[in-house]
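Below is one structure, written out as structure tokens; comments come after it.
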Amino acid sequence: MALKDVLVVVDDTPASAARLDLAARLAARCDAHLTALLAFTDMVFPGYIEAEIPRELRESRRQSRKGQADHMAAAFDDAMRYHGLTDRSEWLVQEGDPTITAAVRGRYADLVVVGQPDPDRDRDQPVAQPADLLFECGRPLLVVPYAGRFSTIGERVLVGWNGSREAARAVGDALPLLTTAKRVVVMAANPKPGPNGLGDEPCADIARHLSRHGCQVEATHVATDVVEPGDTLLNMAADESCDLLVMGAYGRSRFRELVLGGMTRFMLRHMTVPVLMSH
């Protein structure tokens, strides 16, 4: 499946401009339509407090939101002209919880581009939460780190492979990018041996499958009890200068992963490159 309809979730955080630029470059590369979604929600006060808020203050809040949205729309138009997407782009502003709104709109896209929350800035702000979108959206997510700018996307790709249904789904969702990548490395961290694991040659089968799609792929695996699997993946991504990581998300229940840790939770906290995730 080609990527022909991309949704990027924008907000008023400093990382939003880099996220929009990455999404625009990806849409231009794939000849896709790009929709930017700005979702906002007002502060919720108890009814007795809300009733006491003067009408002038309500209007001031409304005007402030409108001014912010107009400013961001102008920046979006500039970005679309720069990337040649003026005729293949759309700006949407909707009122509502950003996560819920993005989940609903994302069901009509091939890929949803969303930001990694900044724990120091976004803790008390209503921004879209990737951990929830993975369950609610039904589409693959491209999660962009809150720090840094990313000049390329999908040229050198690392696939985290563990043989799970979620990993297989992620590889399938990422095929439009994998088939055009200059290099794809499939890696297993601490692969399990035996017929119910990854076999005597970990990643050989999935690498063979990707090669039949024309991917420039190689397979590798790392066995260590010193470094956590998440750190192993990120270290490999840095060593190989990868600009995209592909992985499955939430192989167990989300509650169990939140209690015990888990690769998904680790990566959403510590990612250093954009990560394409599927559940």
Problem set entry | Test item: Leu37 and Thr101 side chains (from C-beta on) under 4.5 Å apart, heavy atoms | yes
Exercise. So do the side chains of Thr264 and Glu166 get within less than 4.5 Å of each other, counting heavy atoms only?
Worked result: no
Exercise. Which heavy atom of Leu7 sits nearest a heavy atom of Ala102, and at what distance?
Worked result: CD2-O, 4.1 Å
For this session: Determine which pairs satisfy ring pair (Phe, Tyr, Trp, His ring centres under 6.0 Å) with at least one residue from residues 15-38, sequence neighbours left out, and list them in order.
Result: none
For this session: Can you tell me which residue pairs pass the ring pair (Phe, Tyr, Trp, His ring centres under 6.0 Å) test with a partner in residues 150-170, sequence neighbours excluded?
Result: none
Seminar exercise, completed: d(Thr35 OG1, Arg105 CZ) to nearest 0.5 Å is 7.0 Å
For this session: Please tell me if the side chains of Ser89 and Phe76 come closer than 4.5 Å, counting only heavy atoms from C-beta onward.
Result: yes
Seminar exercise, completed: The reported gap from OG in Ser16 to CG in Asp11 (rounded to nearest 0.5 angstrom) is 4.5 Å
Exercise. Can you name the closest pair of heavy atoms from Lys4 and Cys30 and give their distance?
Worked result: NZ-O, 3.2 Å
For this session: Report the C-alpha distance between Leu26 and Leu111 in whole Å, list the side-chain angles of each, state the deciding distance to 0.1 Å, and finish with yes or no for side chain to side chain contact (heavy atoms under 4.5 Å, CB included).
Result: CA-CA 11 Å; Leu26 181 61; Leu111 178 70; 3.7 Å; yes
For this session: Identify the heavy atoms of Leu34 and Ala27 that sit nearest to each other, and give their distance.
Result: CB-CB, 4.0 Å
Problem set entry | Point-to-point distance, once rounded to the nearest 0.5 Å, from CG of Leu22 to CD1 of Ile153 | 4.5 Å
For this session: Compare every heavy atom of Val114 with every heavy atom of Pro130, then report the nearest pair and how far apart it is.
Result: CG-CG1, 4.1 Å
For this session: List in chain and number order the residues that pass side-chain hydrogen bond (donor to acceptor under 3.5 Å, both in side chains) with Asp231, two or more places apart in sequence or in another chain; answer none if no residue qualifies.
Result: none
Exercise. Who are the salt bridge (charged side-chain N to carboxylate O under 4.0 Å, His left out) partners of Asp78, not counting sequence neighbours?
Worked result: Arg81
Exercise. Can Val104 be reached from Phe135 by stepping across I, L, V, M, F, W or Y side chains whose heavy atoms are under 4.5 Å apart?
Worked result: no
Exercise. Who pairs with His71 by side chain to side chain contact (heavy atoms under 4.5 Å, CB included), at least two apart in sequence or on another chain?
Worked result: none
Exercise. Is it the case that Thr99 and Asp132 place a side-chain donor and acceptor less than 3.5 Å from each other?
Worked result: no
Exercise. Quick one: side chain to side chain contact (heavy atoms under 4.5 Å, CB included) partners of Ile100, sequence neighbours excluded?
Worked result: Asp97
Problem set entry | Polar side-chain atom of Arg156 near backbone of Ser241 as donor-acceptor pair, under 3.5 Å | yes
Problem set entry | Verdict with supporting geometry, Val10 and Trp91, side chain to side chain contact (heavy atoms under 4.5 Å, CB included) | CA-CA 10 Å; Val10 297; Trp91 172 257; 3.9 Å; yes
For this session: Can you run down the side chain to side chain donor-acceptor pair (under 3.5 Å) pairs that involve residues 169-183, sequence neighbours left out, and say none if there aren't any?
Result: Arg29-Thr180, Arg169-Asp173, Asp173-Ser278, Arg183-Glu218, Arg183-Glu240
Exercise. If you look at every heavy atom in Ala128 and Pro117, which pair is closest and at what distance?
Worked result: O-CG, 4.4 Å
Exercise. By side chain to side chain contact (heavy atoms under 4.5 Å, CB included), which residues pair with His83, not counting sequence neighbours?
Worked result: Asp21, Ala24, Arg25, Leu85
For this session: Using the test side chain to side chain contact (heavy atoms under 4.5 Å, CB included), find all partners of Asp70 that sit at least two apart in sequence or belong to another chain.
Result: Lys66
Exercise. To the nearest 0.5 Å, how far apart are CG in Leu3 and CG in Leu142?
Worked result: 9.5 Å
Problem set entry | Set of residues satisfying side-chain hydrogen bond (donor to acceptor under 3.5 Å, both in side chains) with respect to Asp12, sequence neighbours excluded | Gln68
For this session: Decide if atom CG of Asp239 counts as having more than 12 heavy atoms of other residues, nucleotides or ligands within a radius under 6.0 Å.
Result: yes
Problem set entry | Nearest-0.5 Å distance, CE of residue Met187 to CE of residue Met247 | 11.0 Å
Problem set entry | Side-chain heavy atoms of Pro119 within contact of Tyr146, under 4.5 Å | yes
For this session: Flag the pair Gln116 / Leu268 as yes when at least one side-chain heavy-atom distance between them is below 4.5 Å, and no otherwise.
Result: no
Problem set entry | Spacing of CG belonging to Asn235 relative to CG belonging to Leu158, to within rounding of 0.5 Å | 11.0 Å
Problem set entry | Smallest separation among heavy atoms of Arg19 and Val9, with atom names | NH1-O, 2.6 Å
Run the side-chain donor-acceptor check on residues 269-276: report pairs under 3.5 Å with partners two or more places apart or on a different chain.
none

Exercise. Between His279 and Leu141, is a side chain to side chain contact (heavy atoms under 4.5 Å, CB included) present by the stated rule, with each step listed?
Worked result: CA-CA 9 Å; His279 173 65; Leu141 300 187; over 6 Å; no
Problem set entry | For Asp5, salt bridge (charged side-chain N to carboxylate O under 4.0 Å, His left out) partners two or more places apart | none
For this session: Go through the steps to decide whether Leu178 and Val159 satisfy the test side chain to side chain contact (heavy atoms under 4.5 Å, CB included), and finish with yes or no.
Result: CA-CA 9 Å; Leu178 298 178; Val159 176; 4.1 Å; yes
